[in-house]
Amino acid sequence: VWGTAQDDVWAVGMGGMTLHYDGTGWTSVDSGLTDSLADVWGLAPGDVWAAGARGVLLHWDGAAWTRETSGSPEWLRSFWGFPGGDVWVVGDHGTILRRTGGAWAPETSGVAEWLYAIWGTSPSDLWAAGDGGVIIHLDGSAWTLSPTPTEEALHAVWGFSATDVWAVGEHGMALHRTASGWEIVPTGTVEGLDGLWGAAADDLYAVGSNGTVIHWDGREWARAVGDRTEWLSAVWGSSADEVWVVGNVGTLLRRTPTP
């Protein structure tokens, strides 16, 4: 799930499904595909990307989805990029593709693990996370391995600066990076964590299996939603008070401002 504002939100899923929320309701938008989609992300209302199975890459220009050539047969799972600059997507078997000058080309990741997530502050400070506790970093010229204290699969990464980065994954694993490196932070759950988003360093959400939604307030992680059983796969907000969570069986959860 991703958007530009509270009245411009996208969600994607199995069978090429793409849904758009305009502030009043969700509408199905034809993607022209039946391949499952793993991620949606963008830079503007008319500059949105979706990716998924068999190297599928789609671009929304404000009017329609069009397919772009990835040159990869791998699952593509997560995007990141910068206004007026390049866009990256990561996927299985260490796949990293970079879009420069209107075309996608592979980059050398140096790893063979599946990569599930990417986030960064600039083209010279990008982080990608995946299986086996693998985290790699792009310094602007090359991707290098960043040692972590876990071998758990890491499914999501988010941050607020070059020295304030989070990664979450299997069995409730949460890693926090400061200037001193990566350290494990207890989350109070053993559920798998698959989505991560925050509005500020003391306002961060992680979501995952069995309806898990936990919140970081700058001091500790605590459960934010109870009595859910769905697998929750992604979280995104337009602001601290407007947060969306999506999951299986069509689950859509929304946090709105308190009256």
Are side-chain N/O atoms of [X] and [Y] paired as donor and acceptor at under 3.5 Å?
X	Y	answer
T150	T148	no
D194	Y116	no
S209	E191	yes
H176	E183	no
D22	T24	yes

Rounded to the nearest 0.5 Å, how far does [atom2] of [Y] lie from [atom1] of [X]?
X	Y	atom1	atom2	value
D35	R67	CG	CZ	6.0 Å
M173	E151	CE	CD	10.0 Å
L154	E170	CG	CD	9.0 Å
S70	R54	OG	CZ	11.0 Å
W127	I135	CH2	CD1	7.5 Å
E74	W114	CD	CH2	8.5 Å

Could you work out, with ring pair (Phe, Tyr, Trp, His ring centres under 6.0 Å) as the rule, every residue matching W65, not counting sequence neighbours?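 Partners of W65 under the ring pair (Phe, Tyr, Trp, His ring centres under 6.0 Å) test: W10, W60.
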Residues that W75 engages under ring pair (Phe, Tyr, Trp, His ring centres under 6.0 Å), provided they are two or more places apart: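 Checked W75 against ring pair (Phe, Tyr, Trp, His ring centres under 6.0 Å); zero matches.
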Apply side chain to side chain donor-acceptor pair (under 3.5 Å) to [X] and list each qualifying residue two or more places apart in sequence or on a separate chain.
X	answer
S31	none
T178	none
D139	S141

Are [Y] and [X] linked, directly or through intermediate hydrophobic residues, by side-chain heavy-atom contacts shorter than 4.5 Å (ILVMFWY only)?
X	Y	answer
L145	V165	yes
I184	V168	yes
V185	W119	yes
V40	F82	yes

Would a 4.5 Å heavy-atom cut-off, applied to side chains only, mark [X] and [Y] as touching?
X	Y	result
L115	I136	yes
T187	E220	no
I118	V90	yes

Is any side-chain N of the basic residue among R98 and D86 closer than 4.0 Å to the acidic one's carboxylate O?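 A salt bridge is present here (some side-chain N lies under 4.0 Å from a carboxylate O).
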Salt bridge flag under 4.0 Å for residues R177 and D164: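 No.
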Please report, to 0.1 Å, the donor-acceptor pairs under 3.5 Å made by any side chain of residues 243-253, with sequence neighbours excluded.
unit_1: N248; atom_1: OD1; unit_2: W231; atom_2: N; d: 3.1
unit_1: T251; atom_1: OG1; unit_2: N248; atom_2: O; d: 2.7

Pair S146-W182, side-chain hydrogen bond (donor to acceptor under 3.5 Å, both in side chains): steps then yes or no: CA-CA 9 Å; S146 180; W182 295 98; 3.0 Å; yes
Positive for side chain to side chain contact (heavy atoms under 4.5 Å, CB included) with Y205, one of V225, I214, L196, V213: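 Of the listed options, the one satisfying the test is V213.
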What do you reckon, are the aromatic ring centroids of [X] and [Y] less than 6.0 Å apart?
X	Y	value
W197	W41	no
W80	W158	yes
W216	W166	yes

